Undergrad: 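Before anything else, here's the structure in question.
Just so you know, these numbers use all the heavy atoms, side chains as well, and skip hydrogens, waters and symmetry mates. Every number for a ligand or one of its atoms is a count from 1 in the order of the listing. In this text the structure is predicted, and so the values were computed from the model without any measurement.
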Amino acid sequence: MTAKELPATAGPLSQAAFERASRLMPGGVNSPARAFGAVGGTPLFIERAEGPYLFDLDGRRYVDYIGSWGPMILGHAQAPVIEAISKAAAKGTSYGAPTEAESRLAEQIIEAVPSIEKVRLVNSGTEATMSAIRVARGATGRDKVIKFSGNYHGHVDSLLVAAGSAAATLGVPDSPGVTKGAGQDTIVLSYNDVEAIENIFAEMGDQIAALILEPVVGNMGCVAPTPEFLKAIRDQTTRHGAILIFDEVMTGFRVAFGGAQERFGVTPDMTTLGKIVGGGMPLGAYGGKAEIMNQVLPAGKVFQAGTLSGNPVAVAAGSATLDILKNDPPYEQLERMGKRLADGLDQAATKAGIPHTVTAVGSMMTLFFNANPVMCWDDADQCDRDAFGRYFWGMIGKGIYMPCSQFEALFFSRLHDEAIIDETIDAATTVLAGL
Ligand SMILES: *Cc1c(COP(=O)(O)O)cnc(C)c1O
């Protein structure tokens, strides 16, 4: 193990930067998950990133297990992606008129993702889920949407109900500013609860426009679906004419090239994408069966638009990323490294006598400070958050940057090789033993 010991706090330059940022921006950040609210202390300010590493303002290097919360599956600042971005930017950064590059990316997405016959590019995962819900309601003429507690679908009003991720971590699952009206057509069920799904469809199946879920949850920590659960949601939505939406913003091109739907062999009616599909630039997408997507303006009547949608620079980054993932697929290696890391973390926690459970699906995983299996939000909620906070800062002290919340899955890239994974396990073994 070579990781040098670092102080288990942010350095002086990050501290100063955070003080300045806090005067200028709410909480000093532009997205709450970055603020270290769940682990305490000052967030590290990042100066640059390269391959599997982040470098902070104080010149410290960290093995990155956030990957920008999902997108950086190839590793940071990879030459083919940077070149594609530079080339596109040199030709102008936005036109507000169609380009061939958009069709190219659309072809790549349609080829990769089994459920997508037609696709619309947007600017974020939030936009993708918001739009997919609108299209599902427009296509079915129904209002009600089913979601699962602890699943996060971006900050869409109607979906900010019992949301996971930063919303759960901060203890405000129902955000102020979301009206009762916005939430009243949202039905929240417990993840992996087959009976609840059968009951709700038996009761009001003809009012349900859509069922949306994370097909592997990343936003309450990593939680996997059971085969029975996946079967129930597909069967019930089909039987009752509701649209099944896989929110693959996190899992798309991550748990398999074609996402969770490829991995599990369950095809939804619509799919939302973000994160990896933009190759580290702001880009999202939603798509599905042609008959559903043809409801979208100007083919159909459901309104959805965007000044920067299909932005040439973002599209270039996304296309270059998907090219590499297709031609030089990292997925077998990600599986192997995922298993190595999951086993290593499990053994480290067992050795330290810490009640825990590890959930992993490929290169997404969580070490839960919880003795019992985590199958839904109520299970995740039982975790020892204080222990997680000490673990987080202990790992920072070893030069390892884990997600700053128990309720966020860690991600790694194709550049996290055996040596890096083993360095991480060694660090965790020491840190957990010292908790
Ligand atoms: C990140 C995420 C979103 C939101 O995407 P943004 O680009 O942050 O708006 C939606 N759904 C899931 C499953 C996500 O992980």
Undergrad: Could you tell me whether some N/O pair between Glu214 and ligand 1 is separated by less than 3.5 angstrom?
TA: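 Looking only at distances, the answer is no, because the N/O contact criterion of under 3.5 Å is not met.
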Undergrad: I'd like to know if the side chain of Thr42 pairs up with that of Gln15 as donor and acceptor (distance under 3.5 Å, no hydrogens or angles considered).
TA: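 The criterion, which ignores hydrogens and geometry beyond distance, is satisfied for Gln15 and Thr42.
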Undergrad: Using the six-membered ring wherever Trp is involved, compare the ring planes of Tyr191 and Phe229 and label them parallel, tilted or perpendicular (cut-offs 30° and 60°).
TA: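 Rings of Tyr191 and Phe229: tilted, 30 to 60°.
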Undergrad: Assess, by modelled atom type and distance only, whether the side chains of Asn370 and Thr357 contain a donor and an acceptor separated by less than 3.5 Å.
TA: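 There is no such pair between these side chains.
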Undergrad: Is Gly125 close to ligand 1, meaning an N/O of one under 3.5 Å from an N/O of the other?
TA: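 Yes; the residue has a nitrogen or oxygen that sits under 3.5 Å from a nitrogen or oxygen of the ligand.
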Undergrad: For Thr129, is at least one N or O under 3.5 Å away from an N or O on ligand 1?
TA: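 No, Thr129 has no N/O under 3.5 Å of an N/O on ligand 1.
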Undergrad: Any donor-acceptor pair under 3.5 Å linking the side-chain atoms of Ser103 with those of Glu100?
TA: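 No, Ser103 and Glu100 have no side-chain donor paired with an acceptor closer than 3.5 Å.
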Undergrad: What atoms in ligand 1 come closer than 4.0 Å to a heavy atom of Gly154?
TA: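 Taking each heavy atom of Gly154 in turn, ligand 1 has 3 (C), 4 (C), 10 (C) under 4.0 Å.
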Undergrad: Counting heavy atoms only, which part of Asn151 comes closer than 4.0 Å to ligand 1: side chain, backbone, both or neither?
TA: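 Contact part for Asn151 vs ligand 1: neither.
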Undergrad: For atom 14 (C) of ligand 1, grab the closest protein heavy atom and report residue, atom and distance to one decimal in Å.
TA: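 Answer for atom 14 (C) of ligand 1: Lys275 NZ, 3.0 Å.
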Undergrad: Does any N/O atom on His153 come nearer than 3.5 Å to any N/O atom on ligand 1?
TA: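 Such a contact does not occur with ligand 1.
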Undergrad: Between Arg414 (side chain only) and Gly75 (backbone N and O only), is there a donor and an acceptor less than 3.5 Å apart?
TA: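 Not confirmed, Arg414 side chain does not pair with Gly75 backbone.
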Undergrad: Write out the residue and atom name of the closest protein heavy atom to atom 9 (O) of ligand 1, then the distance separating them to 0.1 Å.
TA: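 Closest protein heavy atom to atom 9 (O) of ligand 1: Thr126 OG1, 2.6 Å.
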Undergrad: Where is the nearest protein heavy atom to atom 11 (N) of ligand 1: which residue, which atom, and how far?
TA: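 It is Asp247 OD2, 2.6 Å.
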Undergrad: For Met250, take its heavy atoms, then give the atoms of ligand 1 lying under 4.0 Å from any of them.
TA: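 Answer, ordered by atom number: 15 (O).
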Undergrad: Does Glu198 come within less than 4.0 Å of Arg239, counting only side-chain N to carboxylate O?
TA: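 No, no charged N to carboxylate O under 4.0 Å.
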Undergrad: Charged N to carboxylate O below 4.0 Å: is that the case for Asp384 and Arg390?
TA: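 No, Asp384 and Arg390 are not salt-bridged.
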Undergrad: Any idea which atoms of ligand 1 are less than 4.0 Å away from a heavy-atom of Ser124?
TA: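 In order of number, 7 (O), 9 (O).
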Undergrad: Do the side chains of Gln207 and Asp143 get nearer than 4.5 Å, heavy atoms only?
TA: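 Not in contact.
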Undergrad: If every non-hydrogen atom of Ala209 is compared with every non-hydrogen atom of Ala136, which pair is closest and at what distance?
TA: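 Scanning both residues completely, I find the closest heavy atoms to be CB-O, 4.1 Å.
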Undergrad: Specify the protein heavy atom at minimum distance from atom 3 (C) of ligand 1: its residue, its atom name, and the distance to 0.1 Å.
TA: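 Residue, atom and distance for the closest contact: Val249 CG1, 3.7 Å.
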Undergrad: At less than 4.0 angstrom from any non-hydrogen atom of Asn219, what atoms of ligand 1 do you find?
TA: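 In order of numbering, the contacting atoms are 12 (C), 13 (C), 14 (C), 15 (O).
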